[in-house]
Amino acid sequence: PPSPLQPPGLPLAPCRSFSNNKIQVELDESSGVAMMKFKSPPVNSLSLEFLTEFSISLEKLENNRACRGVIITSAVPKIFSSGLDITEMCGKSLEHYTEFWRAVQEMWLRLYGSNMVTVAAVNGSSPAGGCLVALSCDYRIMAENPKFSIGLNEAQLGIVAPFWFKDTFVNVVGHRIAERSLQLGSLHPAPEALRLGLVDELVPEEKLMEKAAAVMAQWLALPDHARQLTKTMMRKAVLDRLVAHREEDIKNFISFISKESIQKSLRMYMEMLKKRK
Amino acid sequence: PPSPLQPPGLPLAPCRSFSNNKIQVELDESSGVAMMKFKSPPVNSLSLEFLTEFSISLEKLENNRACRGVIITSAVPKIFSSGLDITEMCGKSLEHYTEFWRAVQEMWLRLYGSNMVTVAAVNGSSPAGGCLVALSCDYRIMAENPKFSIGLNEAQLGIVAPFWFKDTFVNVVGHRIAERSLQLGSLHPAPEALRLGLVDELVPEEKLMEKAAAVMAQWLALPDHARQLTKTMMRKAVLDRLVAHREEDIKNFISFISKESIQKSLRMYMEMLKKRK
Amino acid sequence: PPSPLQPPGLPLAPCRSFSNNKIQVELDESSGVAMMKFKSPPVNSLSLEFLTEFSISLEKLENNRACRGVIITSAVPKIFSSGLDITEMCGKSLEHYTEFWRAVQEMWLRLYGSNMVTVAAVNGSSPAGGCLVALSCDYRIMAENPKFSIGLNEAQLGIVAPFWFKDTFVNVVGHRIAERSLQLGSLHPAPEALRLGLVDELVPEEKLMEKAAAVMAQWLALPDHARQLTKTMMRKAVLDRLVAHREEDIKNFISFISKESIQKSLRMYMEMLKKRK
């Protein structure tokens, strides 16, 4: 049967596909599994536009009773997502910062709180916000390429991961590993990420989609209702914490990002990235 | 010296033994260690009667100053306990559900909050409520038989482990392992259970009782008072949470279990169990 | 360039050194790293005088903008610190107990909440309060000598680690390992301490200082501000808990320590220690 996992280009008869600018989504209604592919070169930055599309795509799938699970991966080679788009945080208006940060929150609230089974097929590096996307899924499979790394490396840029990034991280790797990794802003190569529990398994890159489909099938074998209630029980405290402090979190972000010292750090970082190319 | 660990049938001079219908208890007053054996074939289901006997037995031992520790094991081959008795949750009155659920809570409050040293000698499979009993002890030794499995597999039956099952589980294996295992309703074979930290060690089945006695002796070498205060410090938050929400938890259980869809799932599950025999 | 890591006795040109009775401190202003050496033979007991010096030393370094990190180690062979000085808790006045306990709290609040990078170079055994000192640092390196052990062994003495010792421990090793280790009052030999995550790495004793300097350099490579905010985010909840319950914690300590049974235990323990010599 046609599957969202087959090579792109082949006919996908029973699939509903909706592709926007930055994310391609294909839903295989027979299996109930959607494939969501980040296709925003060069590095799948989480720009305001990307985040908006991401949230809308999640909402569409969530409201589609034919969809029970989503596999999230990248259509860009070597990178899953490079995280929040720094250009959105640099030299913009307070209104823009507010809108951007609300979009980051919105994406996380939808993804971490999704009723669908969410599997991250991490087929490239995944720093900062890219790591958050993976951490927010139910299961993380990573290509076993030691050149690919993953982590919440905000501290390296002189910025601080917000408390709900931290809460999500602690729920995956525990307090000690999170404390050390966040302070050092570590980017963990795939084998180390596995050892720390940051990802659940590594597979050769060419097997990644096959494995993601198999894991999804295993999770979908459970009755949705019981699985969803269980997921809510596990994640509600952390989700509620952001919901309760959402405006405060936006204010904190704006006041932090507006500091001249932080703006300078970010500009230097962007310069460095440009020079690398 | 006579010990509760010697084969049944031999004279146990200094032992006080009280056996009810479903649980056999022998207290060796010289060592201060009680042996509690589940003997409710075929699978040591936690029925209302079983739970009531369990709580009363724990209370008797708790109030007996000669008793400092209890080893919990099964007298039924291949099964430690199959968990909550589904017949108590199927086609009964609301009054019955209330009484049953209060008995489940009572058992857990007594066991998880016990001042005695509690060692689970898991000599068979231990799904759902059976796993909860093991998780609520201070130490878990399991027979190293890969056919024996243990886990909170409620989700497999379409039901949801209550929050205090989850809290107990998280306190043993951490948030991430609990989140995944609960959503998948996993039953972990003994070697995997050890790897996840769900049990503390595996020993060959014939060495299980000897090992349990040795572990008990190690824990009893500590002064009771300091050990008990330490245990309370570690477990109080989770115990208090149920105490504070006990009636609400009963209401939740009743409203969930009374749903026709859940009743149907449970009936199907019971049919399947009957056919297996 | 001269470094605080070079052998004592050599000239340390750019270093500010202040040595009190019990702790020697040398700050290398070029690297921003202070070396703090416990030198209170025979076992670096945390007496009232020691704790006062410790807190004052930390405060001085904290307020010195030239200091960004501190390496804590022992100048006494085979022992890092033996923990709280039992003579301070035995046969003294209530006023003394109050003053002593406040000094213990003060030391921990300063160390666990320090804005500096704190690395423990554990070059000897480290029971009880000595273990707390190590646990409160950002990173723990221990000499790989299986004769050296570390742990919160209070229960062995018939006393109970206070809740904030427990919180600090849980933040490092997780709930399950803490629950078991605290109840058994375990002293873990270095290899076991590594396996449990109680220390971060083991190195041969002669490489300890070199390794501590390398780890410190790695942590200092991060921008201070982001690292400090991240550290605060990870530790604030546990620090706030003691701050909110500080007077109550003192009362608890006094009422516990004043019990005749506890006084008797401590006297017996001190007798045992004297006989060992």
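Source: prediction; values computed, not measured. Quick note on labels: first sequence line is chain A, next is B, and so on, each numbered from 1.
Considering only heavy atoms from C-beta on, B/Asp200 comes within 4.5 Å of C/Arg176 through its side chain. Between B/Asn171 and C/Glu179 the shortest side-chain heavy-atom distance does not fall below 4.5 Å.
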Before giving the answer on side-chain contact (heavy atoms from CB on, under 4.5 Å), spell out for C/Gln183 and B/Leu222 the whole-Å C-alpha distance, their side-chain angles and the decisive distance to 0.1 Å.
CA-CA 8 Å; C/Gln183 282 193 72; B/Leu222 277 288; over 6 Å; no
Run the side-chain contact (heavy atoms from CB on, under 4.5 Å) check on B/Thr230 and C/Glu154 step by step: do they pass?
CA-CA 10 Å; B/Thr230 305; C/Glu154 281 80 354; over 6 Å; no
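Residue B/Met234 holds its CE atom at 8.5 Å from CZ of C/Phe169, rounded to the nearest 0.5 Å. For the atom pair CG of C/Leu182 and NZ of B/Lys231, the computed distance is 14.0 Å after rounding to the nearest 0.5 Å.
The shortest heavy-atom contact between B/Pro223 and C/Ala155 is CD-O, 3.4 Å. Heavy-atom minimum distance, B/Trp219 versus C/Arg180: CZ2-CG, 4.0 Å.
Other residues, nucleotides and ligands contribute over 12 non-hydrogen atoms within 6.0 Å of the NZ atom of C/Lys92. More than 12 heavy atoms of other residues, nucleotides or ligands shown are found within 6.0 angstrom of CE on C/Met270. Few gaps surround NZ on C/Lys259; more than 12 heavy atoms of other groups in view lie less than 6.0 Å from it.
Contacts of B/Gln228 with chain C are absent, with no heavy-atom separation under 4.5 Å from either backbone or side chain.
Judged by distance alone, with hydrogens and angles left aside, the side-chain atoms of C/His175 form no donor-acceptor pair with the main-chain N or O of B/Arg235 at under 3.5 Å.
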